[in-house]
Peer 1: 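Take a look at the following structure, please.
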Amino acid sequence: QVQLVESGGGLVQAGGSLRLSCAASGGSIRRYAMGWFRQAPGKEREFVAAISRREDYTPLADSVKGRFTISRDSAKATVYLQMNSLKPEDTAVYYCAAHFDPTGVVAEERVDLYENWGQGTQVTVSS
């Protein structure tokens, strides 16, 4: 299993940008599909973005399409979430997750399919 640590969260004004990073240790992320999820107070954890091992499939939640981009640098064992044009409704704790994928082609959107999770990083967008 891999251990995941998120960073890059913080307070930003609406319309601003942040880049979240997820650093993996204890194993290579080359064997994992990676995802970003978020959870706002009183709400369930929801899918934001995912990226397949081969980096050729990157689904995004409808609410972030055109604003967020997911990428990975397997050599650095790091996954990124670039967030632009942030809105107050993007305020949440953002979690990085890893899903072991022997096929290399999947990028899961379901929370329950991910085996490894980071501790989360807070993103707050002020209006």
Side-chain angles (χ1 to χ4, degrees):
Q1 292 192 350
V2 295
Q3 290 77 50
L4 305 172
V5 178
E6 302 94 336
S7 62
L11 174 64
V12 64
Q13 288 188 334
S17 298
L18 284 174
R19 188 176 81 155
L20 305 183
S21 298
C22 172
S25 62
S28 172
I29 63 169
R30 288 186 172 90
R31 303 173 69 187
Y32 293 83
M34 303 297 294
W36 284 97
F37 295 79
R38 66 187 182 186
Q39 188 167 17
K43 295 187 177 181
E44 294 187 352
R45 192 166 299 187
E46 66 175 6
F47 168 75
V48 176
I51 185 166
S52 63
R53 284 174 51 196
R54 299 178 184 176
E55 303 182 41
D56 54 357
Y57 182 45
T58 55
L60 296 167
D62 288 343
S63 58
V64 306
K65 285 180 180 176
R67 301 189 297 123
F68 290 12
T69 304
I70 186 171
S71 61
R72 64 190 292 164
D73 185 336
S74 294
K76 294 183 178 180
T78 303
V79 180
Y80 304 97
L81 184 68
Q82 179 66 45
M83 306 187 295
N84 299 326
S85 302
L86 283 162
K87 304 176 181 180
E89 49 264 44
D90 295 319
T91 295
V93 177
Y94 283 71
Y95 297 91
C96 175
H99 165 65
F100 181 71
D101 170 38
T103 71
V105 301
V106 302
E108 299 291 351
E109 300 181 26
R110 286 172 46 184
V111 172
D112 61 319
L113 293 179
Y114 284 80
E115 306 92 3
N116 304 278
W117 291 85
Q119 83 290 347
T121 185
Q122 177 70 46
V123 172
T124 303
V125 184
S126 63
S127 57

Peer 1: Determine which pairs satisfy disulfide bond (SG atoms under 2.5 Å apart) with at least one residue from residues 73-127, sequence neighbours left out, and list them in order.
Peer 2: C22-C96
Peer 1: Name all residues meeting the side-chain hydrogen bond (donor to acceptor under 3.5 Å, both in side chains) criterion together with K43; count only those two or more places apart in sequence or in a different chain, and write none if there are none.
Peer 2: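 Scan of K43 (side-chain hydrogen bond (donor to acceptor under 3.5 Å, both in side chains), adjacent residues dropped) gives none.
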Peer 1: Which word best sums up how the rings of F68 and Y94 line up, parallel for under 30°, tilted for 30 to 60°, or perpendicular for over 60°?
Peer 2: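 The rings of F68 and Y94 sit tilted, inter-plane angle from 30° to 60°.
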Peer 1: Is the shortest side-chain N to carboxylate O distance from K65 to D62 below 4.0 Å?
Peer 2: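 Counted as a salt bridge, because a side-chain N and a carboxylate O are separated by less than 4.0 Å.
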Peer 1: What's the shortest heavy-atom distance between A24 and I29, and which atoms?
Peer 2: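 Shortest heavy-atom separation between A24 and I29 comes out as CB-CG2, 3.2 Å.
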Peer 1: Can you tell me how far apart CG (D101) and CD (E108) are? Round to the nearest 0.5 Å.
Peer 2: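 Answer rounded to 0.5 Å: 7.5 Å.
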Peer 1: Do you know which two heavy atoms are closest between G104 and S52, and how far apart they sit?
Peer 2: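 For G104 versus S52, the nearest heavy atoms are O-CB, 3.9 Å.
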Peer 1: Please report the interatomic distance CG(L4) to OG1(T78), rounded to the nearest 0.5 Å.
Peer 2: 10.5 Å
Peer 1: Under the criterion side-chain contact (heavy atoms from CB on, under 4.5 Å), I'd like the reasoning laid out for N116 against Q3: C-alpha separation, chi angles, the key distance, then a yes or no.
Peer 2: CA-CA 7 Å; N116 304 278; Q3 290 77 50; over 6 Å; no
Peer 1: Of all heavy-atom pairs between A33 and A107, which one has the smallest distance, and what is that distance?
Peer 2: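 Where A33 meets A107 most closely, the heavy atoms are CB-CA, 4.4 Å.
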Peer 1: So, for M34 and V79, which heavy atoms are closest and what is the spacing to 0.1 Å?
Peer 2: CG-CG2, 3.5 Å
Peer 1: Which one of T69, V64, L20, V12 satisfies the side chain to side chain contact (heavy atoms under 4.5 Å, CB included) criterion with M83?
Peer 2: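 It is L20; the other options fail the test.
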Peer 1: Measure from the side-chain N and O atoms of T91 to the backbone N and O of V125, and report whether any donor-acceptor pair falls under 3.5 Å.
Peer 2: yes
Peer 1: If every non-hydrogen atom of V2 is compared with every non-hydrogen atom of A98, which pair is closest and at what distance?
Peer 2: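 The answer is CG2-CB, 3.9 Å.
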Peer 1: Hydrophobic clusters join Ile, Leu, Val, Met, Phe, Trp and Tyr when side-chain heavy atoms are under 4.5 Å apart, directly or via other members; which others share one with Y114?
Peer 2: F37, F47, V93, Y95, V111, W117
Peer 1: For the CZ atom on R45, are there more than 12 heavy atoms of other groups (residues, nucleotides or ligands in this structure) within a distance under 6.0 Å?
Peer 2: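 Enclosed: over 12 neighbouring heavy atoms sit under 6.0 Å from CZ of R45.
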Peer 1: By the definition salt bridge (Lys or Arg N to Asp or Glu O under 4.0 Å), identify the one residue from E6, E44, E46 that meets it with R38.
Peer 2: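 In the set E6, E44, E46, the residue that makes a salt bridge (Lys or Arg N to Asp or Glu O under 4.0 Å) with R38 is E46.
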Peer 1: Which pairs pass disulfide bond (SG atoms under 2.5 Å apart) with one or both residues in residues 39-86, sequence neighbours excluded?
Peer 2: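 Qualifying pairs, neighbours excluded: none.
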Peer 1: Among residues at least two apart in sequence or on other chains, which ones pass ring-ring contact (aromatic ring centres under 6.0 Å, His included) with Y57?
Peer 2: none
Peer 1: For Y80, give me all partners under ring-ring contact (aromatic ring centres under 6.0 Å, His included), at least two apart in sequence or on another chain.
Peer 2: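 Not a single residue meets the ring-ring contact (aromatic ring centres under 6.0 Å, His included) criterion with Y80.
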Peer 1: Measure the spacing between CG of L113 and NE2 of H99 and express it to the nearest 0.5 Å.
Peer 2: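 Reported value, rounded in 0.5 Å steps: 6.0 Å.
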Peer 1: Indicate the atoms forming the closest heavy-atom contact of R72 with I51, along with that distance.
Peer 2: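 Looks like NH1-O, 3.6 Å.
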Peer 1: Roughly how far apart are I70 CD1 and Q82 CD, rounded to 0.5 Å?
Peer 2: 12.0 Å
Peer 1: For the atom pair OG (S74) and CZ (R54), what is the distance rounded to the nearest 0.5 Å?
Peer 2: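 Reported value, rounded in 0.5 Å steps: 13.0 Å.
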Peer 1: Counting distance only, does the side-chain N/O of E115 pair as donor-acceptor with the main-chain N or O of F100 below 3.5 Å?
Peer 2: yes
